[in-house]
Structure formats: structure tokens, C-alpha cells
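Inspection log for the structure reproduced underneath, given as C-alpha cells.
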Amino acid sequence: MDVRRIYPWLASAAILLVLRCLAFQIRASDVIFYESFDESFDGRWVVSHKGDYEGVWKHSKSDGHEDYGLLVSEKAKKYAIVKELDENYSIKDGTVVLQYEVRLQNGLECGGAYLKYLRPQEADWKSKEFDNESPYSIMFGPDKCGGTNKVHFILKHKNPKTGEYAEHHLKHPPSVPFDKLTHVYTAILTPGNELRVLIDGEEKKKASFFSAEDFEPSLIPAKTIPDPDDKKPVDWDERVKIPDTNAVKPEDWDEDAPMEIEDEEAVKPEGWLDDEPEEIDDPEATKPEDWDDEEDGEWEAPKIDNPKCETAPGCGEWKRPMKRNPAYKGKWHAPMIDNPNYKGIWKPQDIPNPDYFELEKPDFEPISAVGIEIWTMQDGILFDNILITSDEKVAESYRATAWKPKFEVEMEKQKKEYALPDSDLFTRIHKKVFDVLYKIADVHFLEPHKPKILDLLEKAEKQPNITLSVLVAVAVIILSLSFKILFGGKKKLQVKSTPGTNAVATAQPSDRQGSSAEKENEDESEKEGELPLVGGSTEGKLEEPTYCCVGGRCTTQLGDH
């Protein structure tokens, strides 16, 4: 064998090996902390000994995988566990990436699944004393309960003037995925004072640490504040309108006039049974054999509706119906006029903020430990692959190799679980539903809106992924139009009493006021879907008095029985 021919190949291989080793060392130096939970956490992570934290942590496989994680094993418990770093890690300079996976295997109705990145503790602090009072630098991760549904990012920042720490919460954080899959959460702190929050590698939020629009409260105080010693002048008038002191109540204004009066023109309907009660004793009822008058009192037969009243316009004492009093005006009040002394809404003058300070970059506290301190109503929460690195590419590679394969397996399983067993049945149901909806679109009062409704229905029928949303939109449109037809017009349904009947539809003018555009729309809807009037014209004027009479009381307004 000619060694001279082999030598160049060996040299190239050696150089490549050296480069790979160097690349590995550089890559490894970028990883500040990594926990895969491939091995038991005993001896490496410390469970809190505080009495409130009774939840049991377990080293457990993720459902459907051979991959292990740190498991929240019991419901409705407090949990606390911590892992101290070998040395404090400064996050003031350069890029910092905080990343970890969590799987809500039983969902998350109420509880947290976030991490706390602790700052250096007091000298005598012990890991087993970790609790919610242990100071942290950053809190990051999902939290959901009641109205709360967000991926927290909270920074505890030291005020350089007062030396006090304050929590600064990310405004409008992304929401927590609602499924039971493994998700990876990433927070990237950049040298440009920016924060980026990623879920499954996709950016969900971008914020500036120094923006009052992104953090509450702002890291940098306002330059000016309202003067706490400034007081509103006694003569400061904030009233925009005032009663017109020159106004006089009209002489014909009767404040004592009642809102309703008897309708003197009302006539008792023919066939009214004055001497018949509305209810009578049940003739078929009999006194129970075990009824004891001395103990149970005098027995009385139960009442039933008087059958004679069913065919008559009414029974019992007839009373005139009430109608709106045309002379009613109510309590008189002077009209309001512009206040000539109005000075606007008073506010104290601004003064320089004595607590104002400037920063070139946030004064992040070092990270000395990673802890999980939560209170949750759910079990089955699995933490995995906790990473702190100074390189976004490293975090990306961990997502690609550690998280994505698991996620894809879970997604495929979820698709099979939610797949419909009988696609033909689904197709038939789908067709019948849309057949009905297309028929509804042909209803007369929907005619002006038919093109839009048909367009929505066609989109929903062709795109199953938006079917539910579109159906809800169509339902809202139809309900809105139905309510407008029934209650939003100028005419209200009323009842006309005729011999032998109790209810015939007619109409009365409405007192509803609206804009000119609203009135034009109402006029159009009335022309297209006008209801026929009985005994009256389209203006609501009746040829003869109309009444609704039930139980000895009559009225000219529907609902005043």
C-alpha cells in the first residue's frame, strides 16, 4: 500500500475531526443549563420541605412516548421543586434564551405550568426552603384559571433609585394552547432590549422592555407625574350643561295628571258573562277518605277554569280598559343649556417625577437556580427539556431534535382520535343541514340580504374548516333580522276583540325614536314585510275600538291584561 496516497485522506479526516470537536465545544459552551429528565431527578433537584407543598413529583414517561419528564402527579396540590445552577449566570449582556417543554396531558382548567428563574438568594438560604417567597429574576410560562389564560413573562427589576424590586408584567401575552399536546415555550432576551416569546418555534409576541405599551408597570418611570399637592380650586366648574334658570313651567303643564286613564269610549263586548266567575269548583273532585276536618280543616274542592268562559269574550265584573293619558306630561324640569362657566375636567398640573431614572438596558439579576412553584387543580402536567442558552440556533436545534418528533407523533394520534368513523354519514348530515339553510335563505323577509347569506353558505359548504364560524355568523344575521322585524318596526301588534274570539292582530304606532338612517331602513323593511291590519289602515288608525279582554279586565294595549 502506498502510504503517500493514504496520507492526504488521513490529513483531511483529522482536520474534519478537529473542526467537529471545536464546533461541539463552542456549541456546548453556549448551553448554560440543560435538563432532559432522562434520568431520575432524585439527588439533582430538591423538593421543597415547606408544609404547603404536598404535591408529589414523579419521574414519568410522556403518554405514548419513551421520553421521560418531571410529572405533577396529583390534583389540587401545591408543588415546589428547584435545581441550583453550578454558578450564577449573568443575563445582562448578549442574547439569553429560556426554553422548556410542557405537556398538559389532562388539560389545564385551573393552574400554572410556569418556571421561575431565581436570582441569588440570601447566604443562609437552603434549596429545601424554596417557596413562593423565594426571589426570582424572571417568571415564564403558561397560567390558566377562570378569566386568566396567558403565557406569563414577569420580570422582577430593581429600581436604581430606591433599591426596591418591582414586578413588571408583559402586556397582552399570548394565550395557552388548549390541547393536550407537548408544546415548547421560548423566551428570547436580545441585546437590543427586546423580548420575543415563541410557542412551538413560532413568534407569538414581540415587546420592548422599555415600552410602557409592552410592560405594566413600565421599567422606566414617567418623566412627569401629577402634583400630589395641587388642589382643585373651589370655584372650578366641571358641569358641561346646567338647567336654564330663565325657563318657566308652562301654565297648562299638569304634573299631577296620571299616566293612564280609563277608556271612556270602551264598550262591554256582547256576550260578556257578568254573573259567571272565572273559576269554579271542580265537579269531579271528591273529598279524600282520610280527610279529617278537625285536623285538616274544612275541605274545599280544587278550582278549575269555568268552561262557560271559554266561548264567551269574558267573565266576571267588566271594567273599562286603561289607555295612555294624552294630557300626561310628568314632572316638569327646566331644559338644559350650555354652562357659560364650564372650565373642563380639572386635573392637577404635572411636575417632574422625583423617582425618574434612565437606563440603557434593563438591570437583569443573575440566574442562580431554576424552580417550579405552582398550585394546580390538574394532574398530568409534564415538564421536560429545560434549557438556558446564549444562542438562538442552539434552542432551535433542541426544538427540532427533542420536541418536534414527539409533537408530530401526538398530532397524528390526535387526528385519528378525532377522525369521524363514518365519512358517508357525515356527508349526508352535512348536505341535509345546508339544504335546510338554503331554504331558510329563501324566506321573504330575508330577500334584501339573500346574496350575502348565500355567499356565506357557499363558503361554509366548500370549506369545512370554517363551517362552524360561518354558520354562527349566518345564525346571528337571521336572528338579528327576525328581532328587527318583530320588535324594531314602527307598528306594534295589538289585539282586537270580536264576538266569539279573543285575539286578532292589528297595529299601533311606536314611540321609538331613531336616526334618519334607521328610520329609512325601518320604512323599507315595513314596505317589504308589512303585516296586514285588521280593522285599521297602515297608519294604525282603527275603524272601531279594539280590546283584549281576559278575566274581567280589558285593555287596548297588548300585555296589559
Side-chain angles (χ1 to χ4, degrees), residues 15-38 44 67 69-70 83-102 114-120 136-142 151-155 157 170 173-174 182-210 214 360-372 383-408:
I15 292 171
L16 182 60
L17 181 60
V18 170
L19 290 175
R20 286 183 176 178
C21 290
L22 288 173
F24 177 79
Q25 289 177 355
I26 293 171
R27 178 187 174 91
S29 67
D30 292 330
V31 176
I32 313 305
F33 173 79
Y34 178 62
E35 174 60 80
S36 65
F37 294 108
D38 289 339
R44 296 183 298 109
D67 186 47
L70 181 64
K83 172 69 171 71
E84 292 192 69
L85 274 59
D86 295 335
E87 59 183 23
N88 295 340
Y89 175 57
S90 174
I91 58 175
K92 286 186 178 181
D93 301 313
T95 298
V96 178
V97 183
L98 310 175
Q99 180 171 287
Y100 74 104
E101 298 172 16
V102 66
Y114 42 78
L115 300 188
K116 288 184 175 180
Y117 299 86
L118 305 187
R119 69 173 188 254
Y136 63 85
S137 179
I138 292 172
M139 190 174 102
F140 172 57
V151 178
H152 276 298
F153 186 93
I154 304 174
L155 170 67
H157 192 264
L170 177 65
T182 301
H183 293 282
V184 57
Y185 298 88
T186 309
I188 303 172
L189 291 65
T190 71
N193 300 327
E194 283 190 339
L195 167 70
R196 293 163 51 217
V197 176
L198 283 60
I199 301 178
D200 299 344
E202 180 181 348
E203 184 176 296
K204 297 294 185 179
K205 179 72 177 181
K206 189 174 185 179
S208 169
F209 283 109
F210 289 154
D214 292 333
E360 291 186 3
K361 56 185 176 181
D363 188 15
F364 295 116
E365 292 288 335
I367 297 176
S368 65
V370 178
I372 306 173
F383 296 88
D384 200 4
N385 293 317
I386 301 173
L387 171 70
I388 302 175
T389 178
S390 58
D391 189 344
E392 292 185 47
K393 294 295 183 181
V394 172
E396 185 179 343
S397 68
Y398 274 85
R399 291 196 299 269
T401 57
W403 165 75
K404 193 171 184 180
K406 290 188 295 187
F407 181 76
E408 290 177 344

**Message:** The test is side chain to side chain contact (heavy atoms under 4.5 Å, CB included); show your working for Leu189 and Ile138 and say whether it passes.
**Reply:** CA-CA 11 Å; Leu189 291 65; Ile138 292 172; 3.8 Å; yes

**Asked** What are the two closest non-hydrogen atoms of Ala395 and Leu387, and how far apart are they?
**Response** CA-CD2, 3.8 Å

Would you be so kind as to tabulate the donor-acceptor pairs closer than 3.5 Å made by side chains of residues 91-98, with sequence neighbours excluded?
from: Lys92; atom 1: NZ; to: Asp363; atom 2: OD1; distance (Å): 2.9
from: Asp93; atom 1: OD1; to: Lys361; atom 2: NZ; distance (Å): 2.4

**Request:** Scan Asp67, Asp384, Asn385 and name whichever one has a side-chain contact (heavy atoms from CB on, under 4.5 Å) with Asp38.
**Result:** Asp67

**Asked** Of all heavy-atom pairs between Tyr89 and Ser390, which one has the smallest distance, and what is that distance?
**Response** OH-CB, 3.8 Å

**Item:** Spatial distance of atom NZ (Lys83) from atom CG (Leu115) [nearest 0.5 Å]
**Value:** 14.0 Å

**Request:** Please examine the side chains of Tyr100 and Val370, heavy atoms only from C-beta on, and report whether any two atoms are closer than 4.5 Å.
**Result:** no

**Asked** Any idea which heavy atoms bring Pro366 and Ser137 closest together, and the distance?
**Response** O-CB, 4.3 Å

**Option from Lys404, Arg399, Lys406 for which salt bridge (charged side-chain N to carboxylate O under 4.0 Å, His left out) with Glu101 holds** = Lys406

**Prompt:** Do Leu70 and Ile372 come within less than 4.5 Å of each other through their side chains, counting heavy atoms only?
**Reply:** yes

**Minimal non-hydrogen separation, His183 against Trp403, with atom names** = CA-NE1, 3.8 Å

**Asked** What's the shortest heavy-atom distance between Gln99 and Tyr117, and which atoms?
**Response** N-OH, 4.3 Å

**Prompt:** Phe140 vs Tyr185 aromatic rings, parallel, tilted or perpendicular, using cut-offs 30° and 60°?
**Reply:** perpendicular

**Item:** Short side-chain to backbone donor-acceptor contact, Glu365 and Arg119, under 3.5 Å
**Value:** no

**Request:** Identify the two heavy atoms, one from Thr182 and one from Phe407, that lie closest to each other, and give their separation to 0.1 Å.
**Result:** O-CD1, 3.2 Å

Name every donor-acceptor pair, under 3.5 Å, that has one atom in a side chain of residues 203-210 and the other anywhere in the protein, sequence neighbours excluded.
from: Glu203; atom 1: OE1; to: Arg196; atom 2: NE; distance (Å): 2.9
from: Lys205; atom 1: NZ; to: Lys171; atom 2: O; distance (Å): 3.3
from: Ser208; atom 1: OG; to: Phe210; atom 2: N; distance (Å): 3.3

**Item:** Flag side-chain contact, heavy atom, 4.5 Å: Val197 against Pro173
**Value:** no

**Request:** Report yes or no: does Asp391 contribute a side-chain atom to a donor-acceptor pair with the main-chain N or O of Lys393 at less than 3.5 Å?
**Result:** yes

**Asked** Under the side chain to side chain contact (heavy atoms under 4.5 Å, CB included) criterion, do Val184 and Tyr398 qualify, and how do the steps go?
**Response** CA-CA 10 Å; Val184 57; Tyr398 274 85; over 6 Å; no

**Prompt:** Atom CD1 in Ile386, atom CD in Glu35: separation rounded to 0.5 Å?
**Reply:** 6.5 Å

**Prompt:** Any side-chain heavy-atom pair from Ser368 and Leu85 closer than 4.5 angstrom?
**Reply:** no

**Asked** Distance from Thr401 atom OG1 to Glu396 atom CD, nearest 0.5 Å?
**Response** 10.5 Å

**Message:** Counting C-beta onward and ignoring hydrogens, is there a side-chain heavy-atom pair between Asp86 and Phe33 closer than 4.5 Å?
**Reply:** no

